[in-house]
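The structure appears below as structure tokens.
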Amino acid sequence: MEGFSIFNIFTMLGGLAFFLYGMNVMSTSLEKLTGGKLEIALKKMTSNKLKSILLGMGVTVAIQSSSAMTVMLVGFVNSGIMTLEQTIGVCFGSNIGTTFTAWILCLGDIKDSGTGGVLGFTLKMLKPESFSPLVALIGVIMIMFAKKNKKKDIGRILVGFAVLMTGMTLMSDSVDPLANSPEFQKTLTAFKNPVLGVIVGAAFTGIIQSSAGAIGILMAFSKSGALTYGMALPIIMGCNIGTCVTALLSTFGVNKNAKRVAWSHILVKIIGTIIILPVIMILQSALNLSIFNSTVGYVGISLMHTIFNIATTLMFLPFTNQLVALSKLVVRDGKETDFTSKRNLTGLDDILLKIPSVAVEACKGAAIQMAELTQETILDALDLLTNYNEKKAESIIENEDIIDGYEDKINSYLLKICRSSVTGNDSRSVSKMMHCVGNFERISDHAVNLVESAQEMHEKGISFSAECFKEIYVIREAIAENITKAIEAYKNNDLLIAHKVEPLEEVVDNLSTELKNRHICRLQNDECTVELGYIFQDVLTNLERISDHCSNIAGCLIETDEKTNIHEYLQDVKENDKNFRKEYHAYAEKFFTMLNTAE
């Protein structure tokens, strides 16, 4: 081909590499900048289809990656966080949102008016080759000199965008010699076959795993002036099918419903193409529409890309239930994991590690599940002290084993997250979870210790005196209230409740000291045996340590979110904080009154 050489191919491939790398940098930085906030909303989906579509569009535009969106949805469904039905509307929205990138690329097709003045300068500055160097410079300055991670992420977004647009310019320049090449014109006539266009578009997009990259190359070829609307439309439809390869790759090792998320995505594209393409061909033949023989440009390609995705959304929107049923025919039912089982943690899916902010949010859900089981276990153990039940004792021991497994799984997952690049907020969340899950596990250990004390008395046929039982009842109530407050503060990240834990913990310590002194008096007066005395001391020690772990959990929340040193904070509030003293006196009056009334 005249004027076209191997070096043009090198330039085109280099431009594609720049384009894909810039897209990856921009997408990754946008994900970090959102801090998972947009993605968190996906877990709170309702049955409102319009809201789902708008949210899918918003997240995809914000993170500039429909592939990342698909990975999120597959991971959420595989983890049991979302249902298959909830993802359909989000997929529709994602399909529309991904066309936003094509419209950004249209900046490269702005024509210089050739005039001077403000208009000429403005038009020239809107061209990528004019503004990309400035965008890159600003981005590099922000990366090098900004102190806050958010500003550095913005800098990376700017650099990624500049690299992307530079890649687009390189691809466009590389195909310029093809404009007057008869050989190239002949080659393009093959794409008048719409089936071939769909196959080529799908294959190429599947290989590079980026519909934006494939659309970018198509736009670059449109600069030759030989590409028509009739040729471009099937290729665009193929690009939309090919981008689903990423969805398929993300389904290896996931459950059947997660596979159906990917397949419903693919079915929309394939069925949409099978229906829309023949209709357009028939209309073109019957009405002899001249537009299909007209040269297509950047805007035309973007418009067809957008119209196709909106059309498929409108086509399938009334038939979402049928689409779900069809995906179940493709991926047939089989034995599935029961996500309601206590032994299964929801959310810890390696697929989500590709998007660290989402993985952190998923891990929070798993940690809350662990916290709730810990609360159930310790409250059952406290009840066992005054009302022994063999089945409940076995359940507590089983729960403790499950909680041990939870700790291992959550910490392993958190370590995987730490290997990724996480934001400051996500890093603090990871640190908070690592600290708190350890305390949950140790609380469950003390629950088993309480069970062993209760079992020992049951097996030996011995029991505490009525007075001793009343004392245990009082401190048990204080512990139950403190564990409830600590878990609630953690689940809701409620610092107001967290500040109430330490005053109650100090009351528990004083109650324990008082009960130990009373028991020593009973031993001295031969009102209790030495054997029961040892058991009573063990019970009180375990109760104290449970309360200490409640304090650790609340203290971790305060230290992380208020950015204060917890030891200095505790020393200061105990000495100088009026609210702390007020809370302490209220708890002390409540439980010491109960203790004295029990006499």
Side-chain angles (χ1 to χ4, degrees), residues 341-345 367 369-410 436-488 490 504-505 508-509 511-512 515-516 519 522 528-553 591 598:
S341 168
K342 285 193 297 186
R343 287 191 176 274
N344 291 298
L345 274 175
Q369 188 178 337
M370 180 182 182
E372 289 173 342
L373 185 58
T374 300
Q375 182 179 9
E376 175 191 326
T377 302
I378 194 61
L379 292 178
D380 284 348
L382 293 174
D383 287 341
L384 211 64
L385 291 174
T386 53
N387 185 22
Y388 185 77
N389 179 287
E390 188 66 35
K391 287 186 177 180
K392 186 174 282 189
E394 291 174 0
S395 175
I396 292 166
I397 293 171
E398 180 187 359
N399 285 352
E400 193 275 334
D401 182 56
I402 293 170
I403 290 167
D404 282 349
Y406 281 5
E407 183 189 28
D408 291 340
K409 291 175 183 176
I410 292 173
C436 289
V437 296
N439 281 282
F440 296 148
E441 190 277 329
R442 283 185 281 277
I443 288 173
S444 71
D445 288 341
H446 291 300
V448 171
N449 292 343
L450 294 176
V451 169
E452 290 172 353
S453 295
Q455 281 178 332
E456 183 180 356
M457 289 192 294
H458 178 71
E459 290 169 0
K460 292 181 177 180
I462 57 178
S463 64
F464 294 128
S465 64
E467 181 183 355
C468 197
F469 267 125
K470 289 177 182 178
E471 292 172 352
I472 287 176
Y473 172 80
V474 174
I475 194 169
R476 185 195 72 177
E477 289 297 297
I479 295 291
E481 184 170 340
N482 218 17
I483 189 71
T484 300
K485 287 186 183 301
I487 298 297
E488 186 180 352
Y490 179 79
L504 183 51
E505 197 280 328
V508 169
D509 285 346
L511 274 173
S512 178
L515 297 189
K516 286 176 182 177
H519 202 69
R522 284 194 291 271
C528 182
T529 65
V530 173
E531 186 174 26
L532 280 171
Y534 281 129
I535 295 173
F536 187 72
Q537 290 284 350
D538 284 342
V539 168
L540 290 180
T541 299
N542 279 289
L543 293 178
E544 271 189 88
R545 289 176 180 170
I546 290 167
S547 187
D548 289 338
H549 290 303
C550 291
S551 176
N552 290 343
I553 293 166
F591 290 106

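From a predicted model like this one, the values you see are computed outputs, not experimental measurements.
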Residue pairs passing the salt bridge (charged side-chain N to carboxylate O under 4.0 Å, His left out) test where at least one lies in residues 451-462, sequence neighbours excluded = Glu456-Lys460, Lys460-Glu531

inquiry  = Between Ile462 and Ile535, does the side-chain contact (heavy atoms from CB on, under 4.5 Å) criterion hold? Intermediate values first, please.
reply    = CA-CA 11 Å; Ile462 57 178; Ile535 295 173; 4.2 Å; yes

Do [X] and [Y] come within less than 4.5 Å of each other through their side chains, counting heavy atoms only?
X: Leu511; Y: Leu540; answer: no
X: Ile479; Y: Glu544; answer: no
X: Asp445; Y: Asp404; answer: yes

Going by the rule side chain to side chain contact (heavy atoms under 4.5 Å, CB included), which residues pair with [X] if we only count those two or more places apart in sequence or in a different chain?
X: Lys392; answer: Asp380, Asp383, Leu384, Asn389, Ile396
X: Glu481; answer: Lys485, Leu504, Tyr587, Lys590, Phe591
X: Phe469; answer: Thr386, Ser463, Phe464
X: Gln537; answer: Lys516

query = Who passes side chain to side chain donor-acceptor pair (under 3.5 Å) against Gln455, sequence neighbours left out?
reply = none

key: With Ser453 via side chain to side chain donor-acceptor pair (under 3.5 Å) - residues at least two apart   =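 Once residues adjacent in sequence are excluded, Ser453 has no partner under the side chain to side chain donor-acceptor pair (under 3.5 Å) criterion.
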
query = If only atom types and distance count, is the side chain of Ser512 paired as donor or acceptor with the main-chain N or O of Val508 below 3.5 Å?
reply = no

remark   = Nearest heavy-atom contact between Ala447 and Ile378 is CB-CD1, 3.7 Å

task = Might you point out which heavy atoms bring Ile410 and Met370 nearest each other, and give the distance in Å?
result = CD1-SD, 3.9 Å

message = As a quick check of understanding, evaluate side-chain contact (heavy atoms from CB on, under 4.5 Å) for His446 and Asn449, giving each step before the final call.
response = CA-CA 5 Å; His446 291 300; Asn449 292 343; 3.7 Å; yes

Distance-only criterion, 3.5 Å: show the donor-acceptor pairs between side-chain atoms of residues 437-444 and protein atoms not counting sequence neighbours.
{"residue": "Asn439", "atom": "OD1", "partner": "His549", "partner atom": "ND1", "Å": "2.9"}
{"residue": "Asn439", "atom": "OD1", "partner": "Asn552", "partner atom": "ND2", "Å": "3.1"}
{"residue": "Asn439", "atom": "ND2", "partner": "His435", "partner atom": "O", "Å": "2.9"}
{"residue": "Ser444", "atom": "OG", "partner": "Glu441", "partner atom": "O", "Å": "2.6"}

query = Do NZ/NE/NH1/NH2 and the carboxylate oxygens of Arg522 and Glu471 come within less than 4.0 Å?
reply = yes

request  = Not counting sequence neighbours, which residues clear salt bridge (charged side-chain N to carboxylate O under 4.0 Å, His left out) with Glu394? List them please.
outcome  =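 Checked Glu394 against salt bridge (charged side-chain N to carboxylate O under 4.0 Å, His left out); zero matches.
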
query = Could you state the interatomic distance from CG (Asn482) to CD1 (Ile546), rounded to the nearest 0.5 Å?
reply = 10.5 Å

key: Stepwise side-chain contact (heavy atoms from CB on, under 4.5 Å) check, Val539 with Ile475   = CA-CA 11 Å; Val539 168; Ile475 194 169; over 6 Å; no

Residues forming a ring pair (Phe, Tyr, Trp, His ring centres under 6.0 Å) with Tyr473, sequence neighbours excluded =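 For Tyr473 there are no ring pair (Phe, Tyr, Trp, His ring centres under 6.0 Å) partners, ignoring immediate neighbours.
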
